[in-house]
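In what follows, chains carry the letters A, B, and so on, assigned in the order in which the sequence lines appear, proteins first and then strands, with residues in each chain numbered from 1.
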2 protein chains.
Amino acid sequence: MATPLPSIVAVAKKAGVSVATASRVMSSSTYPVSEATREKVLQAAQELHYTPNSLARSLKAQHSKLLAVLVGDNADPYFAQVARGVEEIANEHGYLTIMCNTERDPIRERTYLNTLQDYRADGIIITGSGYNHTDYTDDLNAIVQKIQQRGGAVVTLSPHVIQAPSIQTDNVGGAREITAYLLSLGHRSIAFVSGPEDVTVSDQRQQGYQQAMEAAGIAIHPTWLIQGDFTQSGGERAAYQLTQLAERPSAVFACNDETAFGLMNGLQQQGWRIPQDISLCGFGDLPMAKMVVPSLTTVHIALRELGQKGAQKILALLKEPQEPTEEILPNTIIKRNSTIPFTEH
Amino acid sequence: MATPLPSIVAVAKKAGVSVATASRVMSSSTYPVSEATREKVLQAAQELHYTPNSLARSLKAQHSKLLAVLVGDNADPYFAQVARGVEEIANEHGYLTIMCNTERDPIRERTYLNTLQDYRADGIIITGSGYNHTDYTDDLNAIVQKIQQRGGAVVTLSPHVIQAPSIQTDNVGGAREITAYLLSLGHRSIAFVSGPEDVTVSDQRQQGYQQAMEAAGIAIHPTWLIQGDFTQSGGERAAYQLTQLAERPSAVFACNDETAFGLMNGLQQQGWRIPQDISLCGFGDLPMAKMVVPSLTTVHIALRELGQKGAQKILALLKEPQEPTEEILPNTIIKRNSTIPFTEH
DNA sequence: TTGTAAGCGTTATCAA
DNA sequence: TTGATAACGCTTACAA
């Protein structure tokens, strides 16, 4: 049978003091309490194994010490790393981390945001989402605004229709750089495998790709633009499309590592050798990127750090409201074995 | 400035009814309320954008609709999959999922368990931990007991010093089977790379390995037992050790996939070809297992399903307390390209 | 069918 | 320095 935990009244009673004083010592408030009574209370609390009820505390205090991460899928290594960074900082500061998988579905995002509001989550970190547009833009922003009004903090870690302070990796720049790297290797026909349609991160990376190609004076052939969906199977499908082309590009740039892994697998299954037959690169630098054979040339994002910074931003926001800012973090190209200089076949 | 959200009193006032009736319609209790007043209340709630404060509700109801997962590291694909399964079921049933990274550290486990108790988490799922022994065994079990006493449910998903209902994959059996598979391929000298010392899962898998070897009448050479730590870098170190041996085994069984990936990388860097020079297999069947080259022969665990079952067990436990049970789930061997029949060199 | 009021476990205000 | 007491927002006896 469920027996309730001792409350502060039990402690007060046992110590022979009022709940007020008991509370004062348990909540380690600055309010003066004599050493003698403090001892008595502590003693009683100890004996009863008393610990304060966080729910009651939160209700009273109007904040919960709850921090949430909205991710597309916590099993996706990209999000997993970010979430890890968040949890780390949260834990350090006495916050609990709530994990929310949205599958990039605005409706799920909305539902979670509402629930989180009901729980008075102090901070919400949104990552891995962000369509260019959705019918729910206003909806989402309305909720976010309400969250902010009641004192909650919201931060996005990727482009999103939600208006909030944001910390992001330089998607355009990173894509431009890695494309420029392929160009510097002598490649001229470079394919690009995108993410799901209308997802902004994918568009931004495509933009970087296009900028680099344009700067090199190369017209992008329509068949070089292949649709993916950020998953390995999407990459495999892209590989198939690639092998069907009349003229094979000499390099492919996948807009994220998972896609690149899928491509690698798919292409190799079709008998293509990487990098001899085609150079391949990704974006993200997941832990697996250096493990696959050949190891993957990619854009390194400090994912865990991104999560940490997001959490720190939340903490800062909670301390004192600040102007909404957008911070763009630089990233670096990691050259590995999946790319080699262009050679005539 | 932070403006508080409307409470049920605001709704009651606006609807011109008592808080009791307002509450009755908002909490969709079975208590009879006339259609007319129900409408009025709903209307008022709508206009005020009222949603009930979950903290207050939880405080009153003595349960929080909070479910926690304790994992070693949420960025480890193994745990990530399990956590995903948990979140899925939790979300379906209106529970929020709290993610706790313990790094297998009993002290961190204890801290989290305490915090979770303070938040009145309804359910706690513990996975990825479990030393054979620790100085904190009694501590941990004391907290778990208190959690259960106050009505919370605890389930473990891997061997652990914590006494609680448990659902686990068949570690011994799986290891025995896959070792038997290697034997059936003609291998006789089979190395085993373990996890961190004293971690029970690792011991169980080693046990399975030993059982199979024994059944085949093969004495295990001491040098075949190599210490790993469940990580890729641990696998790489093991690879190095392996290459130093005077007599090379013809196969290695890594006690988890991450270790196998590290081995694969390390061995290949030393110029060993897999599977020609040595057959390799793992345990877990992470998504990456079929992506690496060569693809990895391993024991498939339905990880996500394990998480789902864990969450369902919690839900069942919450509904009505049951006898603590230990459920062992079968697993299956996935034969891929990292293993081939033994051949003389 | 509706309302009043107590209580969940805290903390903070006000008096003493 | 200590103690009553109200309040946080909700649900539920108990009355009406």
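In this structure, the CG atom of A/L55 is 13 Å from the P atom of D/dT11, given to the nearest Å. As rounded to whole Å, 16 Å separates atom C1' of D/dG9 from atom NE2 of A/H63. In this structure, B/K40 places its NZ atom 8 Å from P of C/dT2, rounding to the nearest Å. Note: CG (A/D118) to C1' (D/dC10) measures 13 Å, nearest angstrom. Between A/L59 atom CG and C/dT10 atom P there is a gap of 12 Å when expressed in whole angstrom units. Taking atom NZ of residue B/K13 and atom C1' of nucleotide D/dG9, one finds them 13 Å apart after rounding to whole Å. The distance from atom NZ of A/K65 to atom P of C/dT11 is 13 Å, rounded to the nearest whole Å.
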Show me, pair by pair, the donor-acceptor contacts under 3.5 angstrom made by side chains of residues 17-27 of chain B, not counting sequence neighbours?
{"unit_1": "B/S18", "atom_1": "OG", "unit_2": "B/A20", "atom_2": "N", "d": "3.4"}
{"unit_1": "B/S18", "atom_1": "OG", "unit_2": "B/T21", "atom_2": "N", "d": "3.3"}
{"unit_1": "B/S18", "atom_1": "OG", "unit_2": "B/T21", "atom_2": "OG1", "d": "3.0"}
{"unit_1": "B/T21", "atom_1": "OG1", "unit_2": "B/S18", "atom_2": "N", "d": "3.3"}
{"unit_1": "B/T21", "atom_1": "OG1", "unit_2": "B/S18", "atom_2": "O", "d": "2.9"}
{"unit_1": "B/S27", "atom_1": "OG", "unit_2": "B/S23", "atom_2": "O", "d": "2.8"}

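Phosphate contact (OP1/OP2 of C/dT10, side-chain N/O of A/Y50, threshold under 4.0 Å): present. Phosphate proximity of D/dC8 to B/S7: absent, as no side-chain N or O sits under 4.0 Å from OP1 or OP2. In this model, the phosphate group of D/dC8 is not approached by any side-chain N or O of A/S58 to a distance below 4.0 Å at OP1 or OP2. Side-chain N/O atoms of B/T37 include none lying less than 4.0 angstrom from OP1 or OP2 on C/dT1. Here B/Q62 reaches the OP1 or OP2 of C/dG9: one of its side-chain N or O atoms lies under 4.0 Å away. Proximity of B/R57 to the phosphate of D/dG9: no side-chain N or O atom is located under 4.0 Å from OP1 or OP2.
To the nearest 0.5 Å, the span separating OG1 on B/T156 from CG on B/L70 amounts to 11.5 Å. Between the CD1 atom of A/I143 and the CD atom of A/Q117 there is a distance of 8.5 Å, given to the nearest 0.5 Å.
Taking the nucleotide of DNA chain C with the nearest heavy atom to each of B/G16 and A/I8, the more 5' of the two is matched to B/G16.
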Give each protein N/O atom lying under 3.5 Å from an N/O atom of nucleotides 12-14 of chain D, with the pair distance.
{"unit_1": "D/dC14", "atom_1": "N4", "unit_2": "B/Y31", "atom_2": "OH", "d": "3.4"}

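Environment of NZ in B/K146: crowded, with over 12 heavy atoms of neighbouring residues, nucleotides or ligands closer than 6.0 Å.
Listed by chain and number, the residues in a side-chain hydrogen bond (donor to acceptor under 3.5 Å, both in side chains) with B/T30 amount to none (sequence neighbours excluded).
If you check every strand for non-hydrogen atoms under 4.0 Å, A/V9 touches nothing. Within the 4.0 angstrom heavy-atom criterion, base atoms lie near B/P32. Looking at heavy-atom distances under 4.0 Å, A/T51 makes contact with sugar-phosphate atoms alone, never a base.
Between B/R304 and B/E88, at least one side-chain nitrogen of the basic residue sits less than 4.0 Å from a carboxylate oxygen of the acidic one, meeting the salt-bridge criterion.
Closest contact between the side chain of B/A56 and the listed nucleotides C/dT2, D/dG9, C/dT10 involves D/dG9.
Under the 3.5 Å distance criterion, with hydrogens and angles disregarded, no donor-acceptor pair is assigned to the side chains of B/S58 and B/S64. Between the side chains of A/E47 and A/Q43, a donor-acceptor pair is found at a separation under 3.5 Å.
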